[in-house]
Protein chains: 2
Amino acid sequence: MTASGSPAPMPEERRAQVVELLRRRGPVRVADLAQALDVSAITIRRDIALLASQGLIRRVRGGAMPPAVAPAQDHGAAPADEPAPRATAEQSAGAPRRLTVGMVVPSLDYYWPEVIRGVREAAAATGIKIVLRGATYQAADERRQLSELMDSAGVDGLLVAPTTTGDDGEELMSWLRQAPVPVVLIERAAATGAHDAMESVVSDHTLGAAMAVRHLAVLGHRRIGVITTLHSPTTPHIRRGWSHACTELGLEPDAAPDVTTVDQRDPAWPAELDRILAACRQTGTTALLVHSDPEAISLVERCRERGLRVPADLAVVTYDDEVAELCDPPLTAVRPPRRSIGRAAFTLLAERLTDPDPCRPTHHVVIEPRLIVRSSSS
Amino acid sequence: MTASGSPAPMPEERRAQVVELLRRRGPVRVADLAQALDVSAITIRRDIALLASQGLIRRVRGGAMPPAVAPAQDHGAAPADEPAPRATAEQSAGAPRRLTVGMVVPSLDYYWPEVIRGVREAAAATGIKIVLRGATYQAADERRQLSELMDSAGVDGLLVAPTTTGDDGEELMSWLRQAPVPVVLIERAAATGAHDAMESVVSDHTLGAAMAVRHLAVLGHRRIGVITTLHSPTTPHIRRGWSHACTELGLEPDAAPDVTTVDQRDPAWPAELDRILAACRQTGTTALLVHSDPEAISLVERCRERGLRVPADLAVVTYDDEVAELCDPPLTAVRPPRRSIGRAAFTLLAERLTDPDPCRPTHHVVIEPRLIVRSSSS
DNA sequence: ATCCTATCGATCGAAGGTGATCGAAGTTGA
DNA sequence: TCAACTTCGATCACCTTCGATCGATAGGAT
């Protein structure tokens with residue numbers, strides 16, 4: 001019943017799908033694969049032969065199975081005519097090759113340094129090497145970085161925070177899904193319940209936003225607005241948490257400003273800012289949850305210029321806590337667990353790389369943020 | 001509808017199942033294996049001979065037994081002649097006291113043994129000791145076990161699969177929330193987004209149920225029913241996954257049986273069973289997702305009594321895969337990642353216990369199940 | 001346009017896997 | 001010890017799967 005929509009599954013792509021299917025479903029028969037991928041059995045056999053010669057899968061009569069972990073005892077006469085490079089790399093007795101992990105993040109100057117620190121910290125205890133690349137929130141760019149990492153550095157696994165939006169984003173994700181090495185997504189994941197073959201480590205931004213709203217509600221605020229940035233992948237989660245918490249607490253989310261706008265470097269920002277503050281005054285909004293510190297700081301400064309006291313007239317909670325304490329007054333902030341995210345992502349990948357079980361199921365890790373209360377609220 | 005009735009597992013796969021069965025159920029007779037795997041006795045004998053020659057099992061007259069020196073689980077690379085020097089006092093050179101972890105599970109004879117095995121496996125590498133208590137799906141009982149563990153055994157952390165329903169359940173949860181030692185919940189967690197101070201490791205049952213539905217839909221089934229057990233904490237997740245997948249695939253969940261009922265030991269079960277089968281016939285339902293193996297097996301047997309062929313007239317997928325392969329025909333099953341759950345839960349708790357950061361944020365781990373395709377579908 | 005290369009699918013002989021039968025060997029109980 | 005029973009192993013027939021060769025098709029370069 002595979003819908004007739006697949007135009008041209010490239011050979012390479014199909015083989016990657018074979019490996020993927022095998023990893024997810026365990027032993028697979030030739031006939032099943034042929035039906036699933038809509039090619040003839042002979043083609044599948046050729047694929048299996050090729051992949052088996054690369055050690056990516058194990059060929060058996062009738063189909064394929066996940067690569068064997070050396071059977072308990074091969075009595076000298078091991079069928080070791082095939083080196084099987086990648087699959088058994090870490091367990092080759094004597095000289096275990098040093099594992100290398102590639103990491104690609106969208107930026108090296110905001111949010112991500114702390115994540116990288118977490119990764120490095122976790123990696124330090126192991127012998128695993130980290131190769132880092134920073135891209136620039138451009139899917140095409142990241143794709144290039146990844147390709148280079150795969151080809152030249154020969155990494156054994158990837159930690160990636162990909163750009164998922166746009167056509168390039170779609171393509172990047174499907175490239176990652178079929179990558180020949182394990183991939184752990186950082187701060188990106190498909191919606192819960194969807195089957196996404198890739199493992200992931202994410203902050204619970206939804207909870208983080210809800211925590212901020214509850215904090216403000218406890219302080220007596222009844223009109224709490226939210227300001228988020230247009231192009232951030234975090235935005236939908238924050239808005240969801242905000243709206244959930246508002247309805248749960250009996251506040252009216254519709255009555256308060258609810259703006260998704262350009263970021264603070266955009267020429268249109270100052271005008272937006274004034275619009276936001278005007279809306280606050282108009283609706284009687286006394287508290288704002290602002291996504292990302294620079295925007296929040298800029299907003300607080302504008303408040304001061306206009307004689308609005310923070311927090312007396314307008315309480316502000318910022319989302320990110322990168323530079324929130326540098327503001328005057330220091331900003332209450334939701335701090336995503338950046339360092340823990342990094343640590344957990346590395347740990348997850350390392351476990352997959354060293355786990356001898358070829359059918360190890362896909363893990364997802366969710367980590368809760370913290371609310372750091374400073375003077376911009378309360 | 002259900003196309004060819006040739007499930008035909010591959011030889012290698014079947015041999016792997018023999019080893020697996022042997023590991024799970026101890027000594028097995030040839031006839032039992034032949035029936036369970038749906039091949040003739042002579043084939044089983046040949047398999048046993050081959051596996052025995054590889055040292056994976058021990059051949060005895062009439063059947064097979066686990067090898068004298070158990071190969072260290074999936075970690076096949078353990079040489080059989082080395083008794084695994086596992087008692088190495090790991091990283092903490094200055095650890096003053098041996099850490100102890102308490103574990104309480106609702107039952108010791110279904111589902112949980114494999115989870116416990118995972119915990120033990122993960123614990124073996126560390127110096128941490130596990131103290132196990134089994135309760136009986138009674139919150140009060142579990143509360144007693146926990147108190148005793150805390151007081152007498154002096155544990156440093158808890159792995160708990162609490163009963164969350166009823167007043168006792170509520171109280172138990174709040175007791176756990178305030179426990180003086182870290183707690184990791186196993187297969188239990190508050191709904192996503194809610195702030196639950198406790199860490200958790202859960203199977204993605206929602207995804208598992210959706211996988212089953214998708215599998216059946218691919219085989220051409222359009223009316224897919226779901227049967228779940230009244231008092232199981234898994235039930236809501238399975239039903240959610242089922243209904244999501246149905247709507248996503250354009251099936252009509254309302255048109256098929258959707259029963260949450262007593263379990264198979266209840267006196268009312270046989271009558272329920274007949275009602276379910278009648279409903280299937282009435283609505284033209286050709287496939288069922290049945291929660292928990294015993295219920296599914298009982299259902300398949302009733303089908304046989306009434307002349308309904310499985311899978312030709314009714315395809316069945318069971319949820320749990322504890323004993324699904326022992327049915328005739330062997331049942332296609334969703335297998336929650338029990339062992340991985342155990343491993344991850346222990347790892348999470350151990351990390352918390354050894355992490356010097358007192359503000360380590362709350363982690364949640366979600367692990368995807370696997371679909372094991374056997375003959376009761378397809 | 002033509003050649004070249006890569007990939008796919010079909011056919012057919014070869015090889016492996018399975019099951020039935022039957023005689024041999026082991027087990028149990030008297 | 002013998003007899004009844006079960007289990008095991010060898011052989012053969014049948015079926016599935018595999019591998020090699022050949023022809024067909026598509027895309028790219030000259």
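To find a chain, count down the sequence lines: A is the first, B the second, and so on, and within it residues start at 1. Every heavy atom of this structure was used, including side-chain atoms; hydrogens, water molecules and symmetry mates were not.
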The salt bridge (Lys or Arg N to Asp or Glu O under 4.0 Å) partner of D321(B) among R370(B), R339(B), R374(B) is R374(B)

Which of dA10(C), dT18(C), dC18(D) is nearest the side chain of V30(A)? It is dC18(D)

Taken to the nearest whole Å, CE/M65(A) to P/dT17(D) is 16 Å

Is there a side-chain contact between R29(B) and the phosphate of dT6(D), meaning an N or O under 4.0 Å from OP1 or OP2?
no

Here the distance between atom P of dT7(C) and atom CD1 of I44(A), to the nearest Å, is 15 Å

note: D38(A), atom CG; dG9(C), atom P; distance rounded to Å ~ 8 Å

Looking at E12(B) and R58(A), is there a salt bridge between them, counting it only when a charged N and a carboxylate O are closer than 4.0 Å?
yes

Among the nucleotides dA10(C), dG17(C), dA20(C), whichever has the atom closest to the side chain of P11(B) is dG17(C)

TODO: Respond yes when some side-chain nitrogen or oxygen of R61(A) is under 4.0 Å from OP1 or OP2 of dT17(D), and no when none is.
DONE: no

query: Under 3.5 Å, is there a donor-acceptor pair linking the side chains of H215(B) and T332(B)?
result: no

### Query
With the threshold set at 4.0 Å, does a side-chain nitrogen-carboxylate oxygen contact exist between E114(B) and R117(B)?
yes

Separation of dG19(C) atom P from L37(B) atom CG, nearest Å, is 11 Å

I'd like to know if E248(B) pairs up with R214(B) as an ion pair, taking the criterion as any Lys NZ or Arg NE/NH1/NH2 lying under 4.0 Å from an Asp or Glu carboxylate oxygen. yes

5'-most contact on DNA chain D (nearest-nucleotide basis), A49(A) vs G62(B), goes to G62(B)

When rounded to whole Å, the CG to C1' distance for the pair L50(A) and dG19(D) reads 16 Å

Checklist entry - Any side-chain N or O of T43(A) less than 4.0 Å from the OP1 or OP2 oxygen of dG9(C)? => result yes

Between CZ of R59(B) and P of dG26(C) the distance, given in whole Å, is 13 Å

Atom CG of D32(B) and atom P of dT6(D) are separated, to the nearest Å, by 15 Å

Subject >> dA20(D) OP1/OP2 closer than 4.0 Å to side-chain N/O of R45(A) >> reply: no

In whole angstroms, the gap separating P of dG17(C) from CD of E12(B) amounts to 9 Å

- Query: Does R46(A) make a side-chain N or O approach to OP1 or OP2 of dG19(D) shorter than 4.0 Å?
  - Reply: no

